[in-house]
Amino acid sequence: MSAKNIIHPYLRLSGLEALIVRPGSLFINIGERTNVTGSKKFARLVLGDHYEEALSVARQQVENGAQMLDVNMDDALLDGVKAMTTFLNLLQSEPDVAKIPIVIDSSKFEIIEAGLKCIQGKCVVNSISLKEGEEKFIKEATICLDYGASVIVMAFDEKGQADTLERKVEICHRAYKILVDKVGFSPQDIIFDPNIFAIATGMEEHNNYAVDYIESIKLIKQRMPLVHISGGVSNLSFSFRGNEHVREAMHAVFLYHAIKAGMDMGIVNAGQLAVYDEIEPELKKLCEDVVLNKNNDNNEATDRLIKFAEQVKSKGKEIVKDETWRKEAVEKRLAHALVNGITDYIEGDTEEARQKYPRPLDVIEGPLMDGMNIVGELFGSGKMFLPQVVKSARVMKKAVAVLTPFIEKEKEEKIKRGELTEGGAAKILMATVKGDVHDIGKNIVGVVLGCNGYEVIDLGVMVPAEKILSEAARLKVDLIGVSGLVTPSLDEMVHVASEMKRNGVTIPLLIGGATTSRTHTAVKISPEYDNGVVHVLDASRSVSVVGSLLGEQKNTFLAGIKSEYEKVRDDFNRKRSAKPLISYEEATKNGMVINWKNYKTTKPSYFGTKIFDDFPLTALERFIDWQPFFIAWELHGKFPQILSDEKVGTAATKLFEDAQKMLRKMIDEKWVSAHGVAGLWPAQRVAVDSVEIDTGKKKMRLEFLRQQLKKTQGQPNFSLADYMPYTNEAEGYMGAFTVTIKGLDEHIKRYQENNDDYDKIIVQALGDRLAEAFAECLHHKVRTELWGYAKNEGLTNEQLIREEYRGIRPAPGYPACPDHTEKFKLFELMGGEKDTHIHLTESLAMYSPSSVCGWYFDQPDSKYFGVGKINIDQVKDYAKRKGMEESEAAKWLRPILD
């Protein structure tokens with residue numbers, strides 16, 4: 001059978017990008033805030049007809065890591081059909097949101113059907129059930145199938161909700177037979193919700209609810225292979241509302257058993273979720289008894305948990321340093337240190353193990369790898385999170401550092417005796433491609449792979465293709481992984497793939513980085529190389545992908561990837577034709593119309609540039625947006641709510657405490673310094689997409705790009721030039737800025753030399769946060785003082801993070817102005833590398849990586865947007881305006897060129 005004909009029975013969903021749920025996929029989170037019944041903010045915006053603003057709620061869910069987006073318009077004051085249609089149509093024109101699958105959620109099927117008419121990908125309907133009989137169930141299911149949607153089926157029939165194991169399985173099996181045999185659904189497109197009810201209520205008939213749910217998962221999946229299971233967890237602990245310490249333990253215990261049984265996805269409400277293995281023994285035992293209904297005759301287990309809850313409610317959590325593990329055998333001590341990230345005793349314990357085992361390598365291959373295997377299992381099952389894994393890697397590296405001299409000595413002796421043979425761990429070469437300096441994500445992936453026994457060779461940043469290939473050949477590596485952040489890196493990855501093919505390389509290529517996507521990999525990179533190109537979304541996916549590529553199933557895995565990527569390419573081409581672009585001429589006629597008569601001009605306090613050298617770091621702290629810091633560690637959630645998140649709260653809180661300590665040290669000990677430049681000048685729009693800045697010495701013309709996607713009636717095709725007035729409309733002014741954090745390199749290098757990836761990555765991530773905070777701080781200073789158009793602003797930090805201020809600061813190379821080459825003009829205006837202290841690479845990435853630049857617009861109606869895809873007619877016009885060869889302009893604009 002050819003690779004093209006291999007079709008794996010996976011649940012395949014999509015927005016603009018695919019979400020494939022394979023065996024072994026991690027628990028899927030569904031964003032729930034675009035729900036008028038669950039979010040007051042969203043309801044207020046929708047009821048007020050502010051759909052554009054309501055989109056920001058959806059965008060925030062995606063930024064917070066939602067893999068699917070639930071949309072609900074069930075409100076008595078709403079025309080649900082109209083609201084669902086309006087919102088989903090608007091959502092489809094926002095690529096950053098539309099990339100994930102949509103869950104159309106309503107208790108009224110006419111609203112669901114209205115939503116199905118708007119979705120461009122493969123969505124999920126939430127929900128249908130048998131509560132009103134088979135005829136209506138079949139009718140609704142058939143409509144869902146006709147639209148290509150997957151369905152969530154509630155365990156609910158004509159008699160009511162299923163509250164016993166038998167009823168759960170019976171109703172789900174009945175629905176399954178109807179959906180598969182009568183309607184024609186594929187089993188993998190069916191998602192059952194067998195109902196999670198409250199336990200420990202004091203009513204004995206409720207005691208087995210959790211057991212029934214968990215057991216129903218097993219039986220449903222045994223009888224109906226390929227279906228998926230969803231559910232809501234917070235109902236389970238409803239009896240203990242107000243006692244988060246007990247609730248989090250109950251949820252952790254329940255999810256441990258439910259996910260183990262086969263639960264695939266669900267919405268877990270806010271509230272802290274403990275790491276299952278770290279719940280104090282007494283509470284864990286009590287929760288196990290209640291969740292699994294053990295030792296619970298006459299509600300005895302329930303009474304014991306209630307008694308415990310009353311004792312801990314008032315005093316909360318107590319942190320007690322438990323040293324009992326130090327009495328265990330050295331193997332168990334090493335495992336405990338690795339799992340809990342404890343470095344205090346690792347050198348001594350490693351030396352003790354070395355003296356116990358015949359060879360130093362035996363310590364690595366024995367107790368140390370045993371401990372790391374536990375870490376890998378906990379991470380893979382969602383019971384440990386990335387910051388904890390990186391701490392484990394720090395412990396491992398320190399242990400290996402103790403053993404390395406002895407291993408090297410043994411190797412030398414073997415060489416002398418002629419006994420040295422090749423072998424060892426699989427080798428993975430990693431590099432940030434030429435022109436790019438960003439490597440936090442790559443470092444994290446390297447740590448996770450190292451934790452799983454692979455030898456990772458990191459070539460660093462700005463690595464040309466020829467070096468990647470020559471080092472791969474010299475070191476005889478098994479895989480190559482490349483990453484990048486700036487959009488020109490995408491083209492460089494295409495070049496790496498084509499060079500691998502030209503040079504006859506036969507090992508697989510892994511693609512990663514914030515700017516990459518599965519779609520780009522499938523459409524642009526994969527066709528350039530025949531021996532396996534795989535996009536790796538994040539660190540948590542890297543281990544399973546590498547394991548598949550290096551295991552016996554390699555050929556099957558690659559055949560499946562090839563087949564999937566062919567489908568992605570077909571879908572991409574079909575969607576591209578389904579999303580027509582209008583001509584550039586039409587787009588310019590549909591620009592944003594601003595009433596400049598009502599525009600009040602504010603003249604800046606100076607013209608030219610001001611340099612802010614050694615800007616006080618303490619002034620930046622209040623401007624720090626912590627949410628992206630957690631995203632860098634693959635902990636998704638809104639700050640500060642993430643600190644009490646049901647799933648990742650414990651890990652997030654510990655990481656935040658460590659980051660605060662490190663930030664304090666960086667500031668107090670003056671490890672780094674902040675350097676910035678702000679410029680302000682007279683400026684006027686001189687053509688439809690051109691703005692001219694007058695520096696006094698010369699005039700510099702800036703060129704902008706315009707959206708070409710066909711919009712719904714009344715929606716403009718935006719360009720940043722729209723936010724500037726022509727000379728006959730009003731006096732105009734414009735600004736620019738650069739900021740950078742200096743001094744990070746020596747501290748990153750020190751932590752790297754000390755085998756401390758955890759603190760190294762914290763320092764890198766804090767450098768980025770300080771740079772963004774400086775950009776926010778300087779923008780605030782410009783608005784309230786230097787330009788002064790918002791002198792009485794008075795916003796809180798939360799409002800600043802939500803960008804509730806007047807004006808924007810878009811950056812060249814990002815969605816609103818995606819051409820990086822305009823940075824040449826920005827840096828010329830700002831005094832070049834001499835004044836900015838920032839170096840531009842050949843791909844126009846900024847070095848140091850902890851740097852930000854952008855333009856300042858003050859127009860009250862200005863807002864951020866994405867240009868999206870453009871046509872060649874605009875490229876031709878843009879090249880002519882810039883005095884650039886069309887081929888050169890197309891090269892820089894290739895990521896957005898349709």
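Numbering starts at 1 and runs along the sequence shown. Computed over heavy atoms, backbone and side chain alike; hydrogens, waters and symmetry mates excluded.
- A pairwise comparison of heavy atoms in A98 and Q120 identifies CB-NE2, 3.9 Å as the closest pair.
- In the displayed structure, K567 atom NZ is contacted under 6.0 Å by at most 12 heavy atoms of other residues, nucleotides or ligands.
- In this structure, OG1 on T521 lies 11.0 Å from CZ on R569, to the nearest 0.5 angstrom.
- L116 CG to I102 CD1: the interatomic distance, rounded to the nearest 0.5 Å, is 12.0 Å.
- Applying the salt bridge (charged side-chain N to carboxylate O under 4.0 Å, His left out) test to pairs two or more places apart or on separate chains, those with a residue in residues 502-515 are E499-R502.
- Between the E586 side chain and the S583 main chain, a donor and an acceptor come within less than 3.5 Å of each other.
- Note on D571 versus K122: no salt bridge recorded, every NZ/NE/NH1/NH2 to OD/OE distance being 4.0 Å or above.
- A distance-only check finds a donor-acceptor pair linking the side chain of T841 to the backbone of S843 [under 3.5 Å].
- Rounding to the nearest 0.5 Å gives a distance of 11.5 Å between CG of L226 and CE of M224.
- Scored by the ring pair (Phe, Tyr, Trp, His ring centres under 6.0 Å) test, F185 finds no partners at all (sequence neighbours excluded).
- Between the side chain of N503 and the backbone N or O of V505, no donor-acceptor pair lies under 3.5 Å.
- Residue S542 forms a side chain to side chain contact (heavy atoms under 4.5 Å, CB included) with just one option from L449, L510, I428, and that option is L449.
- Salt-bridge formation is not detected for the pair D478/K427: no Lys NZ or Arg NE/NH1/NH2 atom is positioned less than 4.0 Å from an Asp or Glu carboxylate oxygen.
- At distances below 3.5 Å, not a single donor-acceptor pair connects side-chain atoms of S850 with backbone N or O atoms of A771.
- Between the side chain of E822 and the backbone N or O of E703, at least one donor-acceptor pair lies under 3.5 Å.
- Using a 4.0 Å cut-off between charged nitrogen and carboxylate oxygen, K882 and D819 count as a salt-bridge pair.
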Working for side chain to side chain donor-acceptor pair (under 3.5 Å), residues H535 and T516: CA-CA 8 Å; H535 178 251; T516 65; 3.1 Å; yes
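- Checked for salt-bridge contact, K501 and D530 meet the test: a charged N lies under 4.0 Å from a carboxylate O.
- For the residue pair Q874/D689, the side-chain donor-acceptor check at 3.5 Å is not satisfied.
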Step-by-step side chain to side chain donor-acceptor pair (under 3.5 Å) determination, Q708 to D873: CA-CA 10 Å; Q708 281 189 263; D873 59 345; 3.2 Å; yes
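- Salt bridge status for E564 with R518: present, with a side-chain N to carboxylate O gap under 4.0 Å.
- Scanning for ring pair (Phe, Tyr, Trp, His ring centres under 6.0 Å) contacts around Y584 gives an empty result, with sequence neighbours left out.
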